[in-house]
Amino acid sequence: MGKQKGEFTINAILNQPDTWKSTINIVENNKKDILSCFEDIDHVIFTGCGSNYYMSLASASHFQYLTWIPSKGVPASEIYLNPDTVFKGLKNVLVISLSRSGETTEVVKAIDFVNNNTGFKTLYIGCYPESMAARSCFYKIPLTGAREKSVVTTKSYTSMFLAVQLIAGHLSRNKEIHSDKYLEELRHLPEPGKKLIDKYDRDLKSFSYEKFVHFVFLGSGPFYGIACESMLKMKEMALVPSDAFHFLEFRHGPKSILSKDVLVTGFLSDTGAPYEIDLTEEIKRLGGSTLIICEKGGAEINACADILFETGTNISEYARSILYLPAIQLLAYNKALSKGIDVDVPKNLTHYVSLPEINNVP
Ligand code: F1P
């Protein structure tokens with residue numbers, strides 16, 4: 001029997017909690033070696049392209065919040081095109097390259113630049129330990145179980161991000177987040193993950209996608225990175241216009257695009273919930289359609305959400321992003337199916353971007 005449309009992608013989405021288990025084992029079993037990469041490190045720079053640039057943003061915010069090590073996320077190309085904007089004034093930097101394939105040209109060039117020009121150490125997190133990026137990095141954490149047949153990244157994203165979260169949990173100095181409890185929450189994610197993904201899958205099957213022509217994703221703090229990743233998933237899979245903003249930024253111009261054909265997804269945080277609900281009410285008043293993904297609903301949320309997904313796990317906001325993201329992976333997958341698109345063969349995309357050398361570079 002032939003392959004079904006989107007079969008590789010839907011399998012990766014539905015089975016990702018199994019891969020999270022193997023990620024947890026890898027990080028826990030190699031904890032000592034992994035943590036030694038961070039000895040005497042004063043700054044961490046996460047880098048990557050596409051999904052993994054957005055993961056770099058998410059990683060930096062989680063990492064700094066938990067470990068208090070100043071951290072930022074930059075696109076890999078900025079490392080060699082504009083190194084002063086990335087490195088000036090920083091000492092003892094660890095550059096963490098996030099790349100599923102380890103073959104993306106900009107990532108390989110960024111690592112070469114760091115190796116040849118800065119004296120800083122590099123760590124590869126990705127799925128191919130023999131790749132060019134992995135071989136060029138000083139340290140590596142291979143997550144081979146997170147490899148995907150699909151071109152668009154789904155389970156590799158959540159699995160690599162979970163590895164970053166576990167490392168941050170082990171290095172945590174944040175007293176507000178008890179690191180033992182945080183690590184327990186992360187280790188526990190596969191179980192609710194499986195149930196939630198099955199539920200999202202069921203609920204989204206009966207959801208009508210046709211009328212939505214534009215998708216907006218809003219997230220603050222722990223959720224800005226997944227808002228950006230959601231925006232990319234929607235473009236890559238369903239070929240529809242999509243945007244991502246820090247939650248409250250939506251008021252400052254972007255709200256002008258609202259109509260009932262625009263679906264605005266809000267990833268509710270715990271810290272910012274009252275402000276985020278207030279903005280969601282405004283979005284409804286201005287005629288937009290709303291999808292809320294949150295830990296727990298309530299009268300106010302129910303009143304402004306056209307669609308509501310609750311995780312209901314009691315897992316803290318800095319541990320639960322990978323429970324939110326599969327809802328959007330499935331939304332993008334189903335929107336694509338409704339347009340007859342085979343997401344396993346996404347338009348203009350390849351597993352990674354490999355570029356020829358450019359001549360006449362100054
Ligand atoms: C992954 C990536 C994807 C994107 C596209 C091209 O590169 O940039 O994020 O969906 O298909 O490749 P990498 O993680 O292998 O560096």
Side-chain angles (χ1 to χ4, degrees), residues 13-17 20 58 62 154-155 157-158 161-162 165 177 181-182 184-209 212 215-231 233-234 244-248 250 263-284 288-335:
I13 295 172
L14 297 180
N15 299 332
Q16 55 197 314
W20 301 348
H62 282 67
T154 53
K155 78 169 179 179
Y157 184 102
T158 51
F161 186 57
L162 178 56
Q165 289 179 300
I177 284 215
K181 180 174 171 282
Y182 181 69
E184 246 342 280
E185 287 181 335
L186 295 176
R187 291 185 195 115
H188 177 67
L189 285 171
E191 207 184 294
K194 179 97 197 78
K195 288 192 192 127
L196 279 167
I197 291 170
D198 289 347
K199 186 178 176 326
Y200 298 146
D201 192 34
R202 275 195 310 276
D203 291 357
L204 285 168
K205 284 212 170 90
S206 57
F207 178 63
S208 161
Y209 306 94
F212 298 117
F215 292 79
V216 175
F217 299 94
L218 306 179
S220 285
F223 303 121
Y224 179 62
I226 62 160
C228 294
E229 169 61 2
S230 301
M231 172 272 292
K233 287 298 82 112
M234 202 52 79
F245 301 97
H246 286 94
F247 218 117
L248 301 194
F250 190 68
L263 182 65
V264 181
T265 298
F267 298 104
L268 283 204
S269 63
D270 299 340
T271 316
Y275 299 95
E276 294 163 356
I277 294 167
D278 185 51
L279 175 54
T280 310
E281 285 165 357
E282 184 178 335
I283 291 169
K284 279 249 36 110
S289 300
T290 55
L291 162 59
I292 292 282
I293 307 187
C294 63
E295 166 59 15
K296 192 153 177 33
E300 272 184 317
I301 295 178
N302 294 349
C304 63
D306 290 315
I307 317 155
L308 174 65
F309 285 134
E310 294 171 83
T311 44
T313 50
N314 276 328
I315 290 177
S316 62
E317 59 182 351
Y318 275 86
R320 69 169 184 262
S321 307
I322 66 169
L323 296 181
Y324 280 4
L325 190 56
I328 303 307
Q329 295 168 343
L330 285 164
L331 177 67
Y333 171 83
N334 281 294
K335 174 71 184 169

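These values consider heavy atoms only, across backbone and side chains, with no hydrogens, waters or symmetry-generated copies. The shown structure was predicted, so the numbers you read here are calculated from the model rather than taken from an experiment.
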**OP:** For Glu276 and Ser269, test the side chains for any donor-to-acceptor distance below 3.5 angstrom and give the result as yes or no.
**Re:** yes

Original post:
Hey, are the side chains of Ile328 and Ile226 touching, using non-hydrogen atoms and a 4.5 Å cut-off?
Top reply: no

**OP:** Please report the closest heavy-atom contact between Leu308 and Cys294, naming both atoms and the distance.
**Re:** CD1-SG, 3.7 Å

Original post:
Does the side chain of Phe247 reach to within under 4.5 Å of the side chain of Thr280, using non-hydrogen atoms?
Top reply: yes

**OP:** Run the ring-centre check on Phe309 versus Tyr200 and record whether the distance is less than 6.0 Å.
**Re:** yes

Subject >> Asp198 bridged to Arg202 by N-O distance under 4.0 Å >> reply: no

Original post:
If you take all heavy atoms of Lys335 and Phe212, which pair is closest and at what distance?
Top reply: NZ-O, 2.8 Å

**OP:** Evaluate side chain to side chain contact (heavy atoms under 4.5 Å, CB included) for Phe223 paired with Glu317, printing each intermediate quantity in order.
**Re:** CA-CA 9 Å; Phe223 303 121; Glu317 59 182 351; 4.1 Å; yes

Subject >> Atom pair CD1/CD1 of Ile315 and Ile322 - distance to nearest 0.5 Å >> reply: 9.0 Å

**OP:** Using a 4.5 Å cut-off on heavy atoms from C-beta on, say whether the side chain of Gln329 contacts that of Tyr333.
**Re:** no

Original post:
Between Tyr324 (side chain) and Leu268 (backbone), is there a donor-acceptor pair under 3.5 Å?
Top reply: yes

Subject >> Among Tyr182, Tyr224, Tyr318, ring-ring contact (aromatic ring centres under 6.0 Å, His included) partner for His62 >> reply: Tyr318

Subject >> Sub-4.5 Å side-chain heavy-atom contact between Glu310 and Ile292 >> reply: no

Subject >> Pairwise side-chain contact, Thr313 with Leu189, heavy-atom cut-off 4.5 Å (strictly under) >> reply: no

**OP:** Identify, with sequence neighbours excluded, every residue that meets side-chain contact (heavy atoms from CB on, under 4.5 Å) alongside Lys181.
**Re:** His178, Glu185

**OP:** Please round to the nearest 0.5 Å and tell me the distance separating atom CG of Leu218 and atom OG1 of Thr265.
**Re:** 8.0 Å

Original post:
CG/Asn314 to CZ/Arg320 distance, rounded to the nearest 0.5 angstrom?
Top reply: 9.5 Å

Subject >> Shortest non-hydrogen contact from Gly225 toward Ala58 >> reply: CA-CB, 3.9 Å

Subject >> Heavy-atom closest pair, residues Phe267 and Ser230 >> reply: CZ-OG, 3.4 Å

Original post:
Under a 4.5 Å cut-off applied to non-hydrogen side-chain atoms, are Ile197 and Leu330 in contact?
Top reply: yes

Subject >> Lys155 NZ to Leu14 CG distance, which is reported to the nearest 0.5 Å >> reply: 11.0 Å

Original post:
Taking 4.0 angstrom as the limit, do Glu281 and Lys284 come out as a salt bridge?
Top reply: no

**OP:** Please name the pair of heavy atoms, one in Leu323 and one in Gly193, separated by the smallest distance, quoted to 0.1 Å.
**Re:** CD2-CA, 3.6 Å

Original post:
Could you go step by step and tell me if Thr158 and Gln16 meet the side-chain hydrogen bond (donor to acceptor under 3.5 Å, both in side chains) rule?
Top reply: CA-CA 8 Å; Thr158 51; Gln16 55 197 314; 2.7 Å; yes

Original post:
Do Tyr209 and Leu331 have side-chain heavy atoms sitting under 4.5 Å apart?
Top reply: yes

Original post:
Rounded to the nearest 0.5 Å, how far apart are CG of Asp278 and CD of Glu300?
Top reply: 9.0 Å

**OP:** Answer whether the closest heavy-atom distance between the side chains of Val216 and Ile283 falls below 4.5 Å.
**Re:** no

Subject >> Any residue meeting side-chain hydrogen bond (donor to acceptor under 3.5 Å, both in side chains) with Asp201, in chain and number order, not counting sequence neighbours >> reply: Lys205

Subject >> Nearest non-hydrogen partners of Pro222 and Ser321, listed with the distance >> reply: O-OG, 3.6 Å

**OP:** Mind checking the CG-OG spacing from Leu279 to Ser220? Nearest 0.5 Å is all I need.
**Re:** 9.5 Å

